[in-house]
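Here the structure comes first, spelled out in structure tokens, and everything after it is commentary.
Numbering starts at 1 and runs along the sequence shown.
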Amino acid sequence: GVQTCALPIWVHVFCKNDECDGRNLGLVESWIRKRNIKFIGDSILEMLYEKGLVRKPQDLYYLKEEVLSGLPLGNGIVGERAKAIISEIEKSKECQLFQFIGSLGVKFLGRRQAEIMIGQGVDTLEKFQTISVAELSVLEGFSTTRATGIVEGLAEARETIKALLDVGVRIVESKDEKKEKIMGKLNGRSYCFTGGINKEDDAGVRYTRKRMWALVEDNGGVVHEDVKPNTTFLVQADPTSQSSKTKKATKNGVKILSEEDFFEQLS
């Protein structure tokens, strides 16, 4: 039989050897757990791996009910669960982009990190697969170390990604995403703010910085807490401001908007 890794199956093993049992088991387990595929416990998965039936995440989608029913485990418990397991696997085929990317077992790239990247414009599978370390490291929340790990991990996952799509896994949009793409007035733009906010709402309450951020995100835009080379606009209340953000925006060719200009974009 195959000599499997002595580590618990749930431990993430970031080994670059494609033949490493610990690494392969970890990738399969990551996909099962994060895609919420029920009824495949450690003992069942280890048996599937031992028999060579599931060595990569895509192998799950080739499993047949009769194969599962015949596994000698737990006095027929697999036979009882076989139909439910196949149903769960089938159900997991349809997923949103952040779920797909975040379930691959790439170091530093879970579902939340994938969502953050999507929110900053890395919003297609192709963009995930072609982003460079330099491009990722300027996004909010990604150090050079993290960016390097993610880009390398996605490159290593390229074959798995293709195999999952080939076997019928589908990336779909949520209803909210579809609505945002239709309704969002600030889609594809990123905003940074500097200085105090002068604008008041209809009730006479002055807008706060967090409220301005919420306006951007509610309308499909992305907030940058600091000016980056890829920031679309810097919004500043004081036209004579010489803040560090203003200087950085000028240096990087980021367009500067007044508050009035910003609210005009929302009207």
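Taking the ring axis of F263 as reference, the NZ or CZ atom of K199 stays within 45° of it and closer than 6.0 Å to the ring centre. Judged by the 6.0 Å and 45° rule, R146 forms no cation-pi pair with F142.
Going from atom CD of E50 over to atom CG of L25 covers 10.0 Å, rounded to the nearest 0.5 Å. Here D218 contributes atom CG and K185 contributes atom NZ; the two are 12.5 Å apart, rounded to the nearest 0.5 Å. Here L154 contributes atom CG and I131 contributes atom CD1; the two are 9.0 Å apart, rounded to the nearest 0.5 Å. Once rounded to the nearest 0.5 Å, the distance linking CD of E159 with CG of D166 reads 10.5 Å. For the atom pair NZ of K56 and CG of L164, the computed distance is 10.5 Å after rounding to the nearest 0.5 Å. Between atom OG of residue S267 and atom CD of residue E260 there is a gap of 12.0 Å, rounded to the nearest 0.5 Å.
No donor-acceptor pair closer than 3.5 Å links the side chain of T232 to the backbone N or O of R189. Within the 3.5 Å criterion, the main-chain N or O of T246 finds a donor-acceptor partner in the side chain of T250. A distance-only check finds no donor-acceptor pair linking the side chain of S87 to the backbone of K83 [under 3.5 Å]. Under a 3.5 Å cut-off, the side chain of Q113 and the backbone N or O of G110 do form a donor-acceptor pair. In this structure, the side chain of E152 does not engage the main chain of G149 through any donor-acceptor pair within 3.5 Å. When atom types are taken as modelled, the side chain of E225 and the backbone of C192 share no donor-acceptor pair closer than 3.5 angstrom. With R55 contributing its side chain and N24 its backbone, the two residues share no donor-acceptor pair below 3.5 Å. Remark: the backbone N or O of T240 is paired with a side-chain donor or acceptor of D238 at under 3.5 angstrom.
When only modelled atom types and interatomic distance are considered, S137 and T144 share no side-chain donor-acceptor pair under 3.5 Å. Between the side chains of Y49 and E29, no donor-acceptor pair is found at a separation under 3.5 Å. Between the side chains of S132 and E135, at least one donor-acceptor pair of N or O atoms lies under 3.5 Å.
Across all their heavy atoms, R35 and S92 have their closest contact at NH2-O, 3.1 Å. In plain terms, the two heavy atoms of T231 and H224 that are nearest each other are OG1-ND1, 2.8 Å. Between D59 and L53, the shortest heavy-atom contact is CB-O, 3.5 Å. Closest of all the heavy-atom pairs between F193 and K245 is O-NZ, 2.9 Å. In terms of heavy-atom proximity, S103 sits nearest to R111 at OG-CD, 4.5 Å. Nearest heavy-atom pair across I256 and A249 is CG1-CB, 4.3 Å.
Applying the 6.0 Å contact sphere to CD of E264 captures no more than 12 heavy atoms from other residues, nucleotides or ligands.
Just one residue in the list V67, V167, I89, V54 forms a side chain to side chain contact (heavy atoms under 4.5 Å, CB included) with Y62, and that residue is V167. Of the residues listed (V28, L68, I85), the one engaging I40 in a side chain to side chain contact (heavy atoms under 4.5 Å, CB included) is I85, and it is the only one.
Contact of the R209 side chain with the W213 side chain is registered, since non-hydrogen atoms from C-beta on lie closer than 4.5 Å. Taking the side chain as every heavy atom from C-beta outward, L186 and L215 never approach each other to under 4.5 Å. Between L139 and K228 the shortest side-chain heavy-atom distance does not fall below 4.5 Å. In this structure, the side chains of T160 and L27 stay at 4.5 Å or more apart for every pair of heavy atoms. I150 has its side chain out of reach of V133: every pair of non-hydrogen atoms, C-beta onward, lies at least 4.5 Å apart. At least one side-chain heavy atom of E90 sits less than 4.5 Å from a side-chain heavy atom of K93.
Under the ring-ring contact (aromatic ring centres under 6.0 Å, His included) criterion, F128 pairs with no residue at all, not counting sequence neighbours. Every salt bridge (charged side-chain N to carboxylate O under 4.0 Å, His left out) that R170 has, sequence neighbours left out, goes to E94. Looking at residues two or more places apart in sequence or on another chain, you find a side chain to side chain contact (heavy atoms under 4.5 Å, CB included) between T124 and E126, K127.
By the rule that hydrophobic residues join a cluster once side-chain heavy atoms approach within less than 4.5 Å of another member, L257 and V254 end up as members of separate clusters. Both V106 and W31 belong to a common hydrophobic cluster when Ile, Leu, Val, Met, Phe, Trp and Tyr are linked at side-chain heavy-atom distances under 4.5 angstrom. In terms of hydrophobic clustering, with Ile, Leu, Val, Met, Phe, Trp and Tyr side chains grouped at heavy-atom distances under 4.5 Å, I37 and I161 are assigned to a common cluster. Following chains of ILVMFWY side-chain contacts shorter than 4.5 Å, one cannot reach V222 starting from V122, and the two form parts of different hydrophobic clusters. When the side chains of ILVMFWY residues are joined at heavy-atom separations under 4.5 Å, either directly or via intervening members, L234 and V223 end up in two distinct hydrophobic clusters.
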Residue pair Q236, S258: steps toward the side-chain hydrogen bond (donor to acceptor under 3.5 Å, both in side chains) verdict: CA-CA 5 Å; Q236 63 178 38; S258 66; over 6 Å; no
Verdict with supporting geometry, K248 and D226, salt bridge (charged side-chain N to carboxylate O under 4.0 Å, His left out): CA-CA 9 Å; K248 198 181 288 187; D226 195 11; 3.0 Å; yes
Test side-chain hydrogen bond (donor to acceptor under 3.5 Å, both in side chains) applied to Y191 and E217, step by step: CA-CA 10 Å; Y191 295 79; E217 291 174 344; over 6 Å; no
Stepwise side-chain hydrogen bond (donor to acceptor under 3.5 Å, both in side chains) check, S243 with T194: CA-CA 8 Å; S243 70; T194 185; 3.1 Å; yes
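Between F262 and F233, the ring centre distance reaches or exceeds 6.0 Å.
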